[in-house]
There are 2 protein chains.
Amino acid sequence: MSETHTGVTTPRPGSPPGAAGEPVISCGEEHEDCGIRDVLDRIGDKWSVLVIVELAAGTRRFRELLRAVPGISQRMLTLTLRRLERDGLVHRTVHPTVPPRVEYRLTAMGHGLTLLLKGLADWSADHRAAIAASRRRWDAEHPEADIR
Amino acid sequence: MSETHTGVTTPRPGSPPGAAGEPVISCGEEHEDCGIRDVLDRIGDKWSVLVIVELAAGTRRFRELLRAVPGISQRMLTLTLRRLERDGLVHRTVHPTVPPRVEYRLTAMGHGLTLLLKGLADWSADHRAAIAASRRRWDAEHPEADIR
DNA sequence: CGGAATCCAAATAGATACTG
DNA sequence: CAGTATCTATTTGGATTCCG
């Protein structure tokens, strides 16, 4: 789910070994949903949205985020924050004190993204019941189907 | 119904940092995701968006989708379609002929979702360059970092 | 406190073969 | 044509330990 086919994708220094001529189903030139994958790959994971939502409320320290996002592990919070930082959605400030103090806040672009997330959240809320009902109906009509 | 309990709010300019008071997130009373997770879990996977985008153009048969979405396997197309159907985003019509003819089309709710996806696609397109640049910078500043 | 490193379990995706 | 059924490979997330 990470860096897919941006067309300009940066292969990081320590690129994967072997695996030369990968097909890499690059969305040719006709499919216009190309850029959207970058964003979906980011917000589609398990924790990014929750972290972004928390940061939308203001600057937070690492430990604060850990508490604010219930269930997230230290490792996943670190990974999530690094990825968001790498994409330019989150800014990280290190205060060279003892003990260390590291603060995270959304960048302007990150804040812009929250507007879209709000739209998504609204739509989700509006259709939550319908989706749940549809699932119940489908599950009833397809017993012993294993889709997940 | 749209402005009820949404997930993200725009931070006020003078918001005190780390003010442990009111969470600016209102997802009802508990820390639930407002149902946005249901939607993200669906559109966040590898293929759903591509399938939805293709169906947004009109009714499609299974084989047509298989050709239209480059790289998807038969199995993943089936799974993706079943999940979308279960959520009430896609409708499936079986014509009892020989050979079988199965058609897929978006439901009204599915079409509604495409509007949001368009918003996301637009935003992605607008920030694609910025994101790519941010990634290059980050990767340059963090050699041998493996964020995946 | 804020991580990085390691190991392991689970979820997800892909290839292939078979069928009504 | 439109799927299932298996099996395997890859990705992802979680738990734990250690460290400046």
Side-chain angles (χ1 to χ4, degrees), chain A residues 1-5 14 16-19 22-25 37 40-51 59-86 90-105 142 144-148, chain B residues 18 37 40-51 59-85 90 92-105 142-148:
Chain A
M1 253 218 211
S2 67
E3 85 177 31
T4 34
H5 35 276
E22 283 303 300
V24 183
I25 355 114
R37 274 253 60 92
L40 281 174
D41 284 348
R42 188 59 42 243
I43 70 174
D45 68 16
K46 196 172 180 180
W47 302 109
S48 292
V49 169
L50 298 178
V51 170
T59 299
R60 294 287 185 272
R61 297 181 61 177
F62 186 87
R63 202 54 59 167
E64 290 175 332
L65 286 172
L66 210 53
R67 279 188 299 265
V69 180
I72 197 172
S73 67
Q74 208 172 40
R75 176 181 185 275
M76 288 316 297
L77 179 56
T78 300
L79 272 177
T80 301
L81 286 170
R82 288 296 171 280
R83 291 164 180 166
L84 292 173
E85 190 195 355
R86 185 170 104 101
V90 160
H91 185 257
R92 177 171 176 264
T93 310
V94 180
H95 297 90
T97 60
V98 173
R101 176 184 188 85
V102 181
E103 291 184 329
Y104 295 91
R105 61 176 173 79
H142 304 78
E144 73 198 81
D146 187 20
I147 297 308
R148 318 237 22 149
Chain B
R37 273 253 62 91
L40 281 174
D41 284 347
R42 187 59 43 240
I43 69 174
D45 68 18
K46 195 172 181 180
W47 301 110
S48 293
V49 169
L50 298 179
V51 171
T59 298
R60 293 287 184 274
R61 297 180 62 175
F62 186 86
R63 199 56 57 168
E64 290 176 330
L65 286 172
L66 210 53
R67 280 188 296 266
V69 180
I72 196 172
S73 66
Q74 211 172 34
R75 176 180 126 85
M76 287 316 296
L77 179 56
T78 300
L79 271 178
T80 301
L81 286 169
R82 290 294 172 281
R83 289 165 179 165
L84 292 173
E85 190 195 354
V90 160
R92 177 171 176 264
T93 309
V94 181
H95 297 90
T97 59
V98 172
R101 176 185 188 84
V102 180
E103 291 184 330
Y104 294 92
R105 61 176 174 78
H142 302 79
E144 75 198 80
D146 185 21
I147 298 307
R148 207 160 313 145

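Just the heavy atoms: all of them, side chains too, but no hydrogens, waters or symmetry mates, feed the values below. Protein chains get the first letters and strands the later ones, always in sequence-line order, with residue 1 at the start of each.
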* To do: Consider the side chain of B/Arg75, meaning its heavy atoms from C-beta on, and name the nucleotide among D/dG13, C/dC1, C/dA13 that approaches it most closely.
  => C/dA13
* Asked: If only side-chain N and O atoms of B/Arg61 are considered, is one of them under 4.0 Å from the OP1 or OP2 phosphate oxygen of D/dA2?
  -> yes
* **Expected output: side-chain A/Arg83 to main-chain B/Ile147 donor-acceptor under 3.5 Å** => yes
* Asked: Atom CG of A/Leu79 and atom P of C/dA4: how far apart are they, to the nearest Å?
  -> 9 Å
* Asked: In whole Å, what is the span from the CG atom of A/Leu77 to the C1' atom of C/dG2?
  -> 10 Å
* Asked: Shortest non-hydrogen contact from A/Gly44 to B/Arg37?
  -> O-NH2, 3.8 Å
* Asked: Ignoring hydrogens and angles, does a donor from either the side chain of A/Arg63 or the base of C/dG2 sit under 3.5 Å from an acceptor on the other?
  -> yes
* Asked: Would B/Thr93 and B/His95 satisfy side-chain contact (heavy atoms from CB on, under 4.5 Å), going step by step from the backbone distance to the final call?
  -> CA-CA 6 Å; B/Thr93 309; B/His95 297 90; 4.0 Å; yes
* Assign B/Arg67 to base, sugar-phosphate, or nothing according to its heavy-atom contacts below 4.0 angstrom with the strands shown. => nothing
* Asked: For the side chain of A/Val102, counting heavy atoms from C-beta on, which of C/dA13, C/dG2, D/dA15 is nearest?
  -> C/dG2
* Asked: Roughly how many Å is it from CZ in B/Arg101 to C1' in C/dG20, rounded to a whole number?
  -> 19 Å
* To do: Look at A/Arg92 and C/dG3 and indicate whether a side-chain polar atom (N or O) is within less than 4.0 Å of OP1 or OP2.
  => yes
* Taking CD from B/Gln74 and C1' from C/dT16, how many angstroms apart are they, rounded to a whole number? -> 10 Å
* Atom-to-atom span, CG of B/Asp45 to C1' of D/dT10 - whole angstrom -> 16 Å
* Structure fact -> Regarding the side chain of B/Trp47, the nearest nucleotide among C/dG14, C/dG20, C/dG3 is C/dG14
* Would you kindly give the CZ-to-P distance between A/Arg148 and C/dA11, to the nearest whole Å? => 11 Å
* Asked: If you take all heavy atoms of A/Glu64 and A/Arg60, which pair is closest and at what distance?
  -> OE1-CA, 3.3 Å
* **Presence of B/Tyr104 side-chain N/O under 4.0 Å of D/dG3 phosphate oxygens OP1/OP2** => yes
* **Nearest-angstrom distance from the residue atom CE of A/Met76 to C1' of C/dA11** => 13 Å
* Could you state the atom-to-atom distance from CG of B/Leu81 to C1' of D/dA2 in whole Å? => 11 Å
* Charged N-O contact under 4.0 Å between A/Arg105 and A/Glu103 -> no
* When we call it a touch if two heavy atoms are under 4.0 Å apart, what does B/Arg83 touch: a base, just sugar-phosphate, or nothing? -> sugar-phosphate
* A/Pro100 or A/Lys46: which one's nearest nucleotide on DNA chain D is closer to the 5' end? -> A/Lys46
